[in-house]
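Working notes for the structure below.
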Amino acid sequence: MTAGSDLLGRYAGSMVQVFGTPQLVLASGDGCWVTDVDGKRYLDLLSGIAVNALGHGHPALVQAVTKQAESAIHVSNFFTSEPAIALAERILAVADAPEGSGVFFANSGTEATEAAIKLSRRTGRTRIIALEGSFHGRSTGALALTHKAAYREPFEPLIPEVVFVPPGDAEALTAAVDDATAAVFLEPVQGEAGVRELSVDYLRLARELTSVHGALLVVDEIQTGIGRTGDWFAHQASGIVPDAMTLAKGLGGGVPIGALVTFGPDVTALLTTGQHGTTFGGNPLACAAGLAVLDTIERDHLLEHVRRVAALLDDVRIEGVAGTRGRGLLRAIELDGIPSAAVMVAARDAGFIVNAVTPTALRLAPPLVISEEQLQGFLDALPSILEAARAAGEAAP
Ligand SMILES: Cc1ncc(COP(=O)(O)O)c(C=O)c1O
């Protein structure tokens, strides 16, 4: 028995089984590599689902967290700390947020969504427009805005008055948004739906409609933000200024943190003293991690790096690949007739971690620091991975 299979046996006997059986038991990481408990190394092309923005064990992040842990890990919301204030200021700066904007720190993406839902209720309205294919989180408020029936239906009834419209359908959005709409929630690139980008025109239409009808435009940048698409935030490529933005994942580089950003004084003023809170939100440890991530992205010019490296994925001409989509280092590889689950397994066997985001597509969301050589190494290995997946499919009964 390997150390991995022994630990997975213990996992099965000790955990609530919401994730099924994990693929691997990972022991450590170093840069863009992770190692499992049996000593096998993998190139990490998923980075904890768009979380480990700086890869694993990045010195700037390790030093920031270590130093902060030595002074103060938690102070409660009766107090505050310099890392929290400094991180809020930095987020507002890179978001080009106008004067009077604000940040509420939470601990995860779903909590950021909850805060945004509560913000939207403060408009005095309750109807929310979300997109088909959307994923905004698993807590019951966020779940109501998450489209996949299998996630939602076991927990219904959820909050009412959520209307789903097909992404990219200008007519449907125009018909849905009216003077009773509290907010439109959207992901500029729908991650869990299979990395599907919304067009610039559609984002601009969403901005215009929400402005005309006095509704909030909430952009969920939980997966797309913090440099993932080659901009600080994906919506910036369209030039729109949202009313609110949710963040998590890459913000802490692996340390749990979420945030709601409110744009401008009127939106910021919607949530007043006592109307929202969380024990751990804004703790100095997570905020020091966030500062290290933002500092490193800026210092090492990682936005430019992401755009340069990601160009390798613009045009993948490999037999068995139908095409790629997405932006920056949030990409899908659409497969031609080979189930993505089989390719994911074959990739793992070959030493690469990827994600079968839909039955026909792989998702790549590697650390922002991945090198061209590392990414090219995967592309070079892809034909034999696809071949192995095909052969495994033919061998299966
Ligand atoms: C776009 C988006 N929104 C919200 C969430 C929920 O974040 P969390 O899992 O941290 O609650 C996710 C997580 O995958 C996400 O991709």
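In each ligand, atom 1 is the first atom listed, and ligand 1 is the first ligand listed.
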(message) Using the side chain to side chain contact (heavy atoms under 4.5 Å, CB included) definition, which of the options Ile257, Thr278, Asn283 pairs with Phe105?
(response) Ile257
(request) Identify the residue among Ile85, Leu87, Thr80, Val255 that makes a side chain to side chain contact (heavy atoms under 4.5 Å, CB included) with Cys287. (result) Leu87
(message) Test: side-chain hydrogen bond (donor to acceptor under 3.5 Å, both in side chains). Region: residues 257-272. Which pairs qualify, not counting sequence neighbours?
(response) Thr262-Thr268, Thr272-Gln275
(request) Kindly identify the option in Thr113, Leu247, Ile222 whose heavy atom sits closest to atom 4 (C) of ligand 1. (result) Ile222
(request) Considering the heavy atoms of Glu187, write down every atom of ligand 1 situated less than 4.0 Å from one of them. (result) 1 (C)
(message) Could you tell me, atom by atom, which parts of ligand 1 come under 4.0 Å of a heavy atom of Gly137?
(response) 4 (C), 6 (C)
(request) For the pair Asp231 (side chain) and Phe233 (backbone), establish whether a donor and an acceptor sit closer than 3.5 Å, ignoring hydrogens and angles. (result) no
(request) Could you tell me whether the side chains of Glu197 and Gln190 share a donor-acceptor contact shorter than 3.5 Å? (result) no
(message) Check this for me - ligand 1, Asp220, N or O atoms closer than 3.5 angstrom, yes or no?
(response) yes
(request) Report yes if some N/O of Ala248 lies less than 3.5 Å from some N/O of ligand 1; otherwise report no. (result) no
(message) I want to know whether Phe104 and His276 have ring centres closer than 6.0 Å.
(response) yes
Check each heavy atom of [X] against ligand 1 and say whether those closer than 4.0 Å belong to the side chain, the backbone, both or neither.
{"X": "Thr110", "value": "both"}
{"X": "Glu192", "value": "side chain"}
{"X": "His136", "value": "backbone"}

Could you list the donor-acceptor pairs under 3.5 angstrom formed between side-chain atoms of residues 345-357 and any protein atom two or more places apart in sequence or on another chain?
unit_1 : atom_1 : unit_2 : atom_2 : d
Arg348 : NH1    : Gln23  : OE1    : 2.8
Asn355 : OD1    : Arg363 : NE     : 2.9
Asn355 : OD1    : Arg363 : NH2    : 2.9

(request) Scan the protein's non-hydrogen atoms and note whether one is under 4.0 Å from atom 10 (O) of ligand 1. (result) yes
(request) Report, as yes or no, whether the 6.0 Å neighbourhood of atom CD on Glu171 holds more than 12 heavy atoms from other residues, nucleotides or ligands. (result) no
Please write down residue, atom name and distance for the protein heavy atom closest to [atom].
{"atom": "atom 13 (C) of ligand 1", "result": "Lys249 CE, 3.3 Å"}
{"atom": "atom 16 (O) of ligand 1", "result": "Gln223 NE2, 2.7 Å"}
{"atom": "atom 8 (P) of ligand 1", "result": "Gly109 N, 3.5 Å"}
{"atom": "atom 2 (C) of ligand 1", "result": "Phe135 O, 3.2 Å"}

(request) Determine the minimum heavy-atom distance between Leu386 and Glu319, stating which atoms define it. (result) CD1-O, 3.4 Å
